[in-house]
Every structure is written in structure tokens, then in C-alpha cells.
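See structure below.
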Amino acid sequence: MKTRVSNFGNRIYDLDGDGLIVLFTRGDSNRKNYHARLRISGLNGCKRVSTGSSDFREAEGIARKYHSILRGSSIGESSLYTKKFSEVFHLFLKTSINESREGANRSIYALKRYALDFFGRYNMSKITAKEVNDFVIWRRLNYVRLIPSDATIKRELSYLRKVFRYAYKKGFIKMLPDFRFENKGRDLPTLPFFSTDEHNRMQDVILSWIREGRHGWRDRYIFSNLIGLSAFSGLKSVELGQLSYEDFFLRDEILCCNIESRVGYRVVEFDSEAKTYIKNLRNLRTEELGGQPPDNEKILYNVRINRAPLNTSRSLISLLGFAKINIFKNGLKRNVSSFRNLYAYKAIKKGLPDHFIANQLNVSLRTVHDYRMSFANFTKDEINLEENKSKKSNHSQINWREF
């Protein structure tokens, strides 16, 4: 045994002379209980514990017992500086996430809502492939609205992997766990869409709905053309909002436009019915300006954008209520993208090539194949393109001066 006196005047006892088990008393301890500082040969860090005894021999026995337990539990570790998942997660949040704000917010929400709830009290070094698989099983039973698909779980595990990579980089863990999990079977996409019959019912009431808007008639008119363009092109409302008049051109008498995306530009074709909606928007601006609008002006130009942007969700709920159409379909809530799914359904029924549909929707060929399989399961909302065609726009009947 080696002993020495600390700077605070208390004696320190190195029981075996190798620094692995050290007993000492703390200057702020009124009861003079012995504390132990424990190290494991070959590992960084140490553990400090209280023996709870002021008797030296009893404290020695307790310290050696703790050391034996620590040695067994630290097999495979690189350090004794271990942290709980919750501690590492909050340290991780303090670092900047190199993603868009929208993507970062989505990942942080998923981590806080599910991963932190499940792994919070786990020691980071004790989380293995088994615990990851347990999390997947738990996640399938714990959700807010919908049962998570394999794709959702895979995405959330990718968020979780970032936390572990951070822990690995900081030295909190020696190796990354296996994040693979057993798929329950690849899910087909859930595509709630508006049937042709529902779309026709909207066309029947669209003029009355716009007029009923009184001072908000312009926003309603813009929205009605937006959903029409989406249903006849497959474009997202965000993509349509980027388009200006100069983006359009004719190719073999077909109206086309250039859409900018992350990977560059792609050319999208519009069905013949979509031309009506473009004309409606241009005629509106011509009437308002007393002349042709600038070529670089957005087709969905909103004069109120600086005060109150167009609320597509509220407009959709209002229109569906006016047309007496339930916003829920097969237990799922529909949104503006449901018109885009209607286009996908029609394009597949027409027999258009997969690569063409993929380009229109800006999705992969694999996703188009999933669409085909998903739509094949629909029976109640079967769209017969020969007998049940969508009605053409009634917007041309509007007299602007009525408003």
C-alpha cells in the first residue's frame, strides 16, 4: 500500500500501489466516510464512489467489490467516461446540424418524440443492435396518428445514427451499433386522392364558392386554378408557385414548362385542360394591370403576399365544405397533394410510360411502380377515363366586374 497526503491535508491510500483502487476522505465530509477512486487497466477515465463507511477495513472491502463489478461491466469499453443517451443527445443538439432548417426540425422532433423517450436512460455504450431492434418493435406500437411504415422507421434510424456518430467522434462509445432491422415487408405508399367524381363536384360549385368569398374572392380564384394545374400536371403546389410566364413554351403543340430542382431543370408537360387555368391567371392579371403582365411575374401572383400569403390548407377545407366532400378518405386526411395523386392515377390508367410519369412527379421509377401496385388495390374509386371524364374549368364564365 502506498499513502500520501493531499494538498487539502487528507490522507490518500493506494491499496495495491498501482493506482487502480484508491481510498481517500473528502475535506467537506463531516462523517469522514471513505471514498474510492477506481480505474481499470488499459481504459481511460475513472469512477468515484462513496463506500459509506468510516471504517478503513470495511471501506477497503467495499472498494474492492465495486472494482470487481466495474471490471466486469467495462469489458469491451474504451473509456470509463460513459454517458447516458439523454446527456449525449442534448450535447448533440448544441452542435449545428448541416441540413435545411425544415429537415433539421423534422429530425429533432422525431428524436425528441421517440428516440429520447425510449433510449433516454440507456448508457450509450450499452446500446447494441438488440436495443435498436427493441426500439423498432416499440416504435411500431407507439405513434401519434398513423402506424409507422418501414420507410418512416428507416428515416428515424438515420436521425438516430447521427447521434451515435457524434458519440463515437467524442469518444463516448468505442463502436457504432448495427442499425439494420427486420423489415415487416416493404409498404406501398398511401395515396389518398380525389376521385374524378369529387373533382367534378368541385367544378360544379367552384364559381359559387369563389363569389361567396366576397373580399377574399381573389385568393379563392387563385387557389382554384392552382389545384386545377396540379390535377392536370402532377406538380406540387410549391413547384407551381415558382413558375413565371417565361417558363412556359410549346413543344409539338403541347404546353410545357421548365421546373428548377436540386439536380437541375426538368421539362414538364401539361394536359390540354391545364391551358385553361394558365389563361385564367393571365387574363386576371391583364384585367388588373390594364395590359399584359411581365414575363418574369409568377403565374400565381398574390397581391396580398406581403400581408397575408395564400393559405392553401384553409382554402381546401373551405372548398370541400362547400362541395360537401369529406376531407378524410380511408381514414387519411387529404391535402392539396391529393390532386397530384389524382394526376398520377390517371397517367397510370392511360398507360403512359413510367419514365414520363416519374419525370412529371419528380419521383423515382421504383416509386412509380409502387404507385401502380397501390392503385391496383383501389376498387371503390375506380376512375373510368372513357365514361367519367373530369369536367372542364368553369372559370371562363366569371365576369371580373361582378366582384
Side-chain angles (χ1 to χ4, degrees), residues 1-96 108 111-112 114-132 134-135 138 160-178:
M1 180 189 300
K2 293 181 179 180
T3 65
R4 65 182 178 87
V5 178
S6 72
N7 296 332
F8 300 100
N10 58 315
R11 187 164 292 279
I12 298 176
Y13 303 89
D14 186 349
L15 298 184
D16 298 322
D18 53 9
L20 298 183
I21 307 176
V22 175
L23 285 180
F24 62 94
T25 55
R26 295 177 57 177
D28 58 353
S29 176
N30 294 328
R31 299 197 309 174
K32 302 299 181 181
N33 286 342
Y34 285 96
H35 296 259
R37 186 182 69 229
L38 309 175
R39 296 181 185 275
I40 301 298
S41 180
L43 300 185
N44 297 324
C46 66
K47 283 288 185 181
R48 289 180 172 86
V49 297
S50 173
T51 64
S53 175
S54 59
D55 181 87
F56 182 83
R57 291 305 175 189
E58 184 181 10
E60 179 184 358
I62 294 173
R64 291 189 182 280
K65 182 179 179 180
Y66 273 131
H67 187 263
S68 178
I69 295 173
L70 182 63
R71 185 172 57 244
S73 64
S74 61
I75 296 176
E77 302 290 343
S78 61
S79 173
L80 293 179
Y81 290 126
T82 57
K83 289 184 178 294
K84 293 182 178 180
F85 178 88
S86 57
E87 296 177 283
V88 176
F89 175 70
H90 288 105
L91 289 174
F92 169 75
L93 288 186
K94 294 180 180 180
T95 65
S96 59
I108 291 172
L111 287 170
K112 285 183 176 179
Y114 300 110
L116 186 59
D117 188 16
F118 185 84
F119 290 113
R121 296 183 179 181
Y122 274 83
N123 190 313
M124 284 294 294
S125 62
K126 300 301 180 183
I127 300 177
T128 64
K130 178 185 179 301
E131 284 68 36
V132 173
D134 289 343
F135 169 72
W138 175 87
L160 184 63
R161 189 182 291 111
K162 294 179 182 178
V163 181
F164 278 85
R165 284 176 178 168
Y166 171 81
Y168 179 79
K169 182 179 179 181
K170 292 296 182 180
F172 300 136
I173 56 177
K174 187 176 181 180
M175 59 185 298
L176 296 174
D178 189 349

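All values below come from the heavy atoms of this structure, side chains included, with hydrogens, waters and symmetry mates left out.
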Residue pair I12, V22: steps toward the side chain to side chain contact (heavy atoms under 4.5 Å, CB included) verdict
CA-CA 7 Å; I12 298 176; V22 175; 3.2 Å; yes
Kindly check if the number of other-residue, nucleotide or ligand heavy atoms within 6.0 Å of [atom1] ([X]) is above 12?
X	atom1	value
F56	CZ	yes
R161	CZ	yes
Y166	OH	yes

Using side-chain heavy atoms (C-beta onward) and a distance below 4.5 Å, is [X] in contact with [Y]?
X	Y	result
V163	L111	yes
V132	D178	no
V49	R37	no
L176	R165	yes

Below 6.0 angstrom between ring centroids: does that apply to F24 and Y13?
no
Centroid-centroid distance, F118 to F135, less than 6.0 Å:
yes
Between V88 and K84, is the side chain to side chain contact (heavy atoms under 4.5 Å, CB included) condition met? List the steps.
CA-CA 7 Å; V88 176; K84 293 182 178 180; over 6 Å; no
Residue list, side chain to side chain donor-acceptor pair (under 3.5 Å) with S50, at least two apart or on another chain
none
Would you call the rings of F164 and F119 parallel, tilted or perpendicular, taking 30° and 60° as the class edges?
perpendicular
Apply salt bridge (Lys or Arg N to Asp or Glu O under 4.0 Å) to R64 and list each qualifying residue two or more places apart in sequence or on a separate chain.
D16, E60
Output all residues satisfying salt bridge (Lys or Arg N to Asp or Glu O under 4.0 Å) with D134, sequence neighbours left out; order by chain, then residue number.
K130
Regarding N123 and S125, is there a side-chain donor-to-acceptor distance under 3.5 Å anywhere?
yes
Smallest separation among heavy atoms of P177 and I127, with atom names:
CB-O, 3.7 Å
